[in-house]
2 protein chains.
Amino acid sequence: MATIRDVAKRAGVSVATVSRVLNQNGYVNEETERRVRQAMKELNYKPNEVARALFKKTSKTVGLIVPDITNPFFPELVRAVEDVMNIYDYTVILCNSDEKVEKEREYIEVLKQKYVDGVILTTNQFAPEEVEEWDVPIVVLDRPLHERYPSVVADNYEGARLATRHLYEVGCRRIAHIQGPNHVVNAMERFRGYQDEMRALGLGDRQLVIQGNYQLKQAKEAVMAALAEHDMDGIFAGNDAMAVGALKAVQQCGLRVPDDIAIIGYDGIPLTEMTTPELSTVSQPIYEMGAMAARILIKQIEGKPLEKLHYQLPVQLVVRQSTSRRGLT
Amino acid sequence: MATIRDVAKRAGVSVATVSRVLNQNGYVNEETERRVRQAMKELNYKPNEVARALFKKTSKTVGLIVPDITNPFFPELVRAVEDVMNIYDYTVILCNSDEKVEKEREYIEVLKQKYVDGVILTTNQFAPEEVEEWDVPIVVLDRPLHERYPSVVADNYEGARLATRHLYEVGCRRIAHIQGPNHVVNAMERFRGYQDEMRALGLGDRQLVIQGNYQLKQAKEAVMAALAEHDMDGIFAGNDAMAVGALKAVQQCGLRVPDDIAIIGYDGIPLTEMTTPELSTVSQPIYEMGAMAARILIKQIEGKPLEKLHYQLPVQLVVRQSTSRRGLT
DNA sequence: ATACTATGTGTAACCGGTTACACATAGACA
DNA sequence: TGTCTATGTGTAACCGGTTACACATAGTAT
């Protein structure tokens, strides 16, 4: 690997001049620049990003901490972040935290040691004082952390109301909600949306909440248990994976979807189009959320002002077979 | 951020001594070491990995190039790589190539500039001479690149034979194969397995090949078209996504799975358990493949000898509802 | 003619680690 | 007593970039 000194020697100039050509700053004579570029080409010179990072304290690298890439909600988010970062010449270090604060903390430490320029994280588990101490630009994604920190989230509350109302409009009166883990803010917001909409529909005293943890298997079992005890004709699942679990449970009990029980999920992941019947869902603009978080982080890194600190993107009701009953809707 | 010189000053020693404590090499007096560690703790000192990387030409970072994290086959693979790398204190830079050689080449260049210690890649599109020039340890995953380079793949050929034979045993005689893209080696191996098994079953002249590209939508349409023209009672799809596409197409034509047409996929991604009926598939040990590739890369990086250069992992037939007919199997 | 500014280039310190080499001391062995 | 080895520590160069500062020249305004 050729170094800047090799290039300088070959072009008959000093390293400072080569560096100026490289960074397009300072004065460089046209003819000199030509010679330098020629030398670079001949030596196939590529600047060493590590040396550059050491001096500039910036590495053109960002960290992305997600709970688990294996959870089908995240690949698209990750992809979006990677795409945008790539455009601006940043690379992305991927970290899976399994929702464990301790792992998140460790990753932050490692990322800082590598001089990452910023971090996007999907968590709501940190105290703002701790984040402050990290002293690295961050953007939180999918889950609001604290008003101090820029965030990109979807409108969970409104989405939950939409879903609940949709079930009502399709004829459901005994609407159950499968709730996500209660340490996750967006799950709580969706729950709140369900509660408020139920009250607004005059079904406040007919609420039925099933505890889930955003996972298919656990949701399936919880729904099986609930079906044995309670009567219901509609299920609003806190995410799509749990909606699939509910679908399986309902079918396994010999009931028909949507005729006996209508089901709607949340997130809008591709999976929802693959089941039979296809699942209705409240779709979040996943790619757009990731892309926006990336753009905001870059703005922060480059010291540009943010127009807004908190972005809340709209969600959209997607009606498919799992809630399409008897000509209704 | 405290530097090694700050620590040295506080402990009343030279930077060399601090470095020795840090790296546990050279002689250091016990009492001195105690003082140094004390100073580190007081200053909350964390060594700067960038400075270290510059000198050592090694960064405790590896690159992972996959076609598209959004493709449901890859998240588990990526997760496995990340998990193992994490254990050995490496971090992972994730790159999506969209199967484009040009993007792969660019990523390699960027990764090298960052002094990554090695790269895991999922491609079969490079000439060995080019890879040679990169001069960075690599391991290829899922698709063999060249005998020169360590690889971890599953037994695609045998898996395809298993799937085909299974359809036969379940009563199918007109077995179609949805083929993956022909620039992807594993797709071709599966195709070859299908051909050979069909011949071995005495169905050599009953082969029906549908061209797919590993994507659900395209496969669905191709199967729709094929159903209109040909008669078939079994479909072996080159991957699970296409199997779902086939399932949709068959159901949409008013035919029953598995009674009219049995379907089996390939890969064993979680999605196969979410459809109705659940899909039979040939399951690859995805996590294990990723983990093994990571371990091999680390061995290479650390200059340890590899017992074997090429690992071919066994696959497993997973029978579910989509091929369970009339009490057979 | 003088002062000032814009242009162009080189030297060397610096970023924060690592390590070759020099040097010092103490105990062991002949 | 002299030599050798093991132990312990510091100085300074080095990794490969960036940039403050110095210096030189030419053109321009006064």
Side-chain angles (χ1 to χ4, degrees), chain A residues 1-40 43-61 89 109-117 135, chain B residues 1-40 43-61 89 109-117 135:
Chain A
M1 274 278 118
T3 75
I4 199 171
R5 284 165 233 267
D6 299 328
V7 175
K9 193 170 293 173
R10 180 153 197 131
V13 298
S14 74
V15 294
T17 302
V18 178
S19 180
R20 286 188 194 106
V21 172
L22 221 46
N23 298 289
Q24 320 246 43
N25 58 19
Y27 295 108
V28 179
N29 181 287
E30 235 178 74
E31 162 60 16
T32 311
E33 171 161 357
R34 229 194 32 65
R35 286 213 321 280
V36 170
R37 292 205 182 280
Q38 179 64 26
M40 286 179 178
L43 295 171
N44 187 26
Y45 170 74
K46 296 282 185 316
N48 179 324
E49 289 299 331
V50 176
R52 198 175 268 189
L54 178 58
F55 189 90
K56 303 249 245 170
K57 299 189 190 313
T58 174
S59 62
K60 283 281 176 183
T61 306
D89 294 324
E109 209 54 65
V110 171
L111 292 172
K112 276 177 60 186
Q113 287 180 44
K114 302 211 179 211
Y115 275 159
V116 294
D117 299 335
D135 191 33
Chain B
M1 273 275 119
T3 75
I4 197 171
R5 283 164 234 268
D6 299 329
V7 175
K9 192 170 293 173
R10 181 156 196 128
V13 298
S14 73
V15 293
T17 302
V18 178
S19 180
R20 286 187 193 106
V21 172
L22 221 45
N23 298 288
Q24 320 245 42
N25 58 20
Y27 295 108
V28 180
N29 181 289
E30 235 179 75
E31 162 60 16
T32 311
E33 171 161 355
R34 230 194 32 65
R35 285 211 325 277
V36 171
R37 291 206 182 280
Q38 178 64 26
M40 285 180 180
L43 295 171
N44 187 27
Y45 169 74
K46 296 283 181 324
N48 179 326
E49 289 299 331
V50 176
R52 198 176 266 190
L54 178 59
F55 189 89
K56 303 249 243 170
K57 299 189 190 312
T58 174
S59 61
K60 283 282 178 184
T61 305
D89 295 324
E109 208 55 63
V110 172
L111 292 172
K112 277 176 61 185
Q113 288 180 43
K114 302 210 179 210
Y115 276 158
V116 295
D117 299 336
D135 191 33

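Protein chains get the first letters and strands the later ones, always in sequence-line order, with residue 1 at the start of each.
Computed from coordinates, the B:Arg35 CZ to D:dG8 P distance equals 13 Å when rounded to whole Å. Between the C1' atom of C:dC15 and the NZ atom of A:Lys114 lies a distance of 18 Å, rounded to the nearest Å. The distance from atom CZ of A:Arg52 to atom C1' of D:dT18 is 9 Å, rounded to the nearest whole Å. Computed from coordinates, the A:Glu49 CD to D:dC15 P distance equals 19 Å when rounded to whole Å. Following rounding to the nearest Å, A:Lys9 (NZ) and D:dG16 (P) show an atom-to-atom distance of 13 Å. Between the CD atom of B:Gln113 and the C1' atom of D:dG17 there is a distance of 12 Å, given to the nearest Å. A:Leu22 has its CG atom 11 Å from the P atom of D:dT19, to the nearest Å. What separates CG of B:Asn23 from C1' of C:dT19 is a distance of 10 Å, to the nearest Å.
Annotation: A:Asp135, atom CG; neighbour count of heavy atoms from other residues, nucleotides and ligands within 6.0 Å does not exceed 12. Annotation for A:Lys9: atom NZ does not count as buried by contact number, only 12 or fewer foreign heavy atoms lying within 6.0 Å.
Among the nucleotides D:dG10, C:dC15, C:dG17, the one closest to any side-chain atom of B:Asn48 is C:dG17. Considering only the side chain of A:Leu54, C:dC15 comes nearest among D:dA20, C:dG17, C:dC15. The A:Lys57 side chain lies nearest to C:dC15 when the options are D:dT9, D:dT18, C:dC15. Comparing C:dC21, D:dG16, C:dT18 against the side chain of B:Val15 picks out C:dT18 as the nearest. Checked against D:dT18, D:dA6, D:dC14, the side chain of B:Tyr27 finds its nearest nucleotide in D:dA6.
In this structure a side-chain-to-backbone donor-acceptor pair under 3.5 Å is missing from A:Lys114 to A:Ser59.
Between A:Asn29 and B:Met1, it is A:Asn29 whose nearest contact on DNA chain C lies nearer the 5' terminus. In this structure, B:Phe55 and B:Arg20 both approach DNA chain D, and ranking their closest nucleotides by distance from the 5' end singles out B:Arg20.
Donor-acceptor pairing under 3.5 Å, judged by distance alone, is present between the side chain of A:Arg5 and the base of D:dG17.
Within the 4.0 angstrom heavy-atom criterion, base atoms lie near A:Ser19. Within the nucleic acid shown, A:Val50 has no heavy atom closer than 4.0 Å to any nucleic acid atom.
Ionic pairing of A:Glu30 and A:Arg34 is not present here: no N-O contact between side-chain nitrogen and carboxylate oxygen is shorter than 4.0 angstrom.
The shortest distance between side-chain heavy atoms of A:Lys112 and B:Lys46 does not fall below 4.5 Å.
Between A:Thr3 and the phosphate of D:dG16, there is no side-chain N or O to OP1/OP2 separation shorter than 4.0 Å. Dashed line: the shortest gap from a side-chain N or O of A:Thr32 to OP1 or OP2 of C:dG8 is not under 4.0 Å.
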